[in-house]
Amino acid sequence: MMKKLIFALSLCVFSVAANAQNSSQKPATSKVIAKQVVDIACGECQFKMKGKDCELAVKIDGKPYFVDGKGIDDFGDAHGEHGFCNAVSKAEVTGEIVNNRFKAKEIKLLPAKK
């Protein structure tokens, strides 16, 4: 009887310890963005973000995010006169912010105001 009690107690302690380890993982934080007008440009050249190379970024509610799903040259030469490395443009975007990156579903460049 004592062995069964010790075994049951050990099993309970082990299951509580195993469960506690799983709950310490942070869930991915996300925010859905739907048809919001944002600034879009090179994150390094225009938004002064730290990175390894010229990379497309959007500024949502004043905070810049690197973009996944679209490349910096998908909209023309990034290093051209009006390219993302030389100018900030406006775009209407739909997607999701996940772990401090913008997962783009749609990016529609807006015409430049004169």
Side-chain angles (χ1 to χ4, degrees):
M1 179 71 175
M2 189 65 148
K3 285 183 180 179
K4 287 182 181 178
L5 183 61
I6 291 173
F7 177 76
L9 186 60
S10 298
L11 189 60
C12 287
V13 169
F14 177 77
S15 65
V16 168
N19 193 24
Q21 289 179 356
N22 289 341
S23 64
S24 67
Q25 294 177 350
K26 288 173 67 175
T29 57
S30 67
K31 178 181 178 184
V32 174
I33 305 296
K35 295 192 179 214
Q36 185 171 336
V37 175
V38 300
D39 289 338
I40 185 168
C42 175
E44 286 194 0
C45 298
Q46 295 296 320
F47 298 149
K48 308 301 180 214
M49 298 170 73
K50 296 208 183 291
K52 294 180 180 145
D53 202 359
C54 293
E55 190 176 346
L56 187 62
V58 292
K59 196 178 272 191
I60 299 171
D61 299 328
K63 183 175 180 197
Y65 300 92
F66 284 121
V67 174
D68 292 331
K70 298 284 183 186
I72 195 160
D73 288 317
D74 289 353
F75 302 93
D77 181 11
H79 293 101
E81 184 181 350
H82 300 289
F84 290 137
C85 290
N86 295 312
V88 177
S89 298
K90 292 284 186 187
E92 183 182 87
V93 300
T94 297
E96 191 173 10
I97 299 170
V98 179
N99 294 330
N100 279 328
R101 292 189 69 90
F102 180 70
K103 309 290 185 184
K105 289 184 181 165
E106 183 179 2
I107 295 178
K108 178 181 162 186
L109 281 182
L110 300 177
K113 293 184 179 180
K114 295 182 179 185

So V38 and K59, side-chain contact (heavy atoms from CB on, under 4.5 Å) or not? Walk me through it.
CA-CA 6 Å; V38 300; K59 196 178 272 191; 5.8 Å; no
Is there a side-chain contact between [X] and [Y], using heavy atoms and a 4.5 Å cut-off?
X: V93; Y: V67; answer: no
X: I33; Y: T94; answer: no
X: N100; Y: K63; answer: yes

With a 3.5 Å cut-off and sequence neighbours excluded, list the donor-acceptor pairs that the side chains of residues 47-58 form with protein atoms.
residue	atom	partner	partner atom	Å
K48	NZ	C45	O	3.1
E55	OE2	R101	NH2	2.6

To the closest 0.5 Å, what do you measure between [atom1] ([X]) and [atom2] ([Y])?
X: D73; Y: C85; atom1: CG; atom2: SG; result: 8.0 Å
X: K70; Y: E106; atom1: NZ; atom2: CD; result: 8.0 Å
X: S89; Y: L110; atom1: OG; atom2: CG; result: 9.0 Å

Would a single hydrophobic cluster contain both V88 and F66, if residues Ile, Leu, Val, Met, Phe, Trp and Tyr are joined by side-chain heavy-atom contacts under 4.5 Å?
yes
Sequence-distant partners of V32, side chain to side chain contact (heavy atoms under 4.5 Å, CB included), two or more places apart
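Per chain and number, V32 pairs via side chain to side chain contact (heavy atoms under 4.5 Å, CB included) with E96.
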Minimal heavy-atom distance between A91 and I40, with the atoms involved, is CB-CG2, 3.8 Å
Contacts of F84 that satisfy ring-ring contact (aromatic ring centres under 6.0 Å, His included) - sequence neighbours left out:
F75
Using distance alone, with no hydrogens and no angle criterion, decide if Q46 and D39 have a side-chain donor and acceptor under 3.5 Å apart.
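No, no side-chain donor-acceptor contact under 3.5 Å.
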Could you tell me whether the side chain of N86 and the main chain of G83 form a donor-acceptor pair under 3.5 Å?
no
Would the distance check show the side chain of D68 and the main-chain N or O of F102 forming a donor-acceptor pair, the cut-off being under 3.5 Å?
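No.
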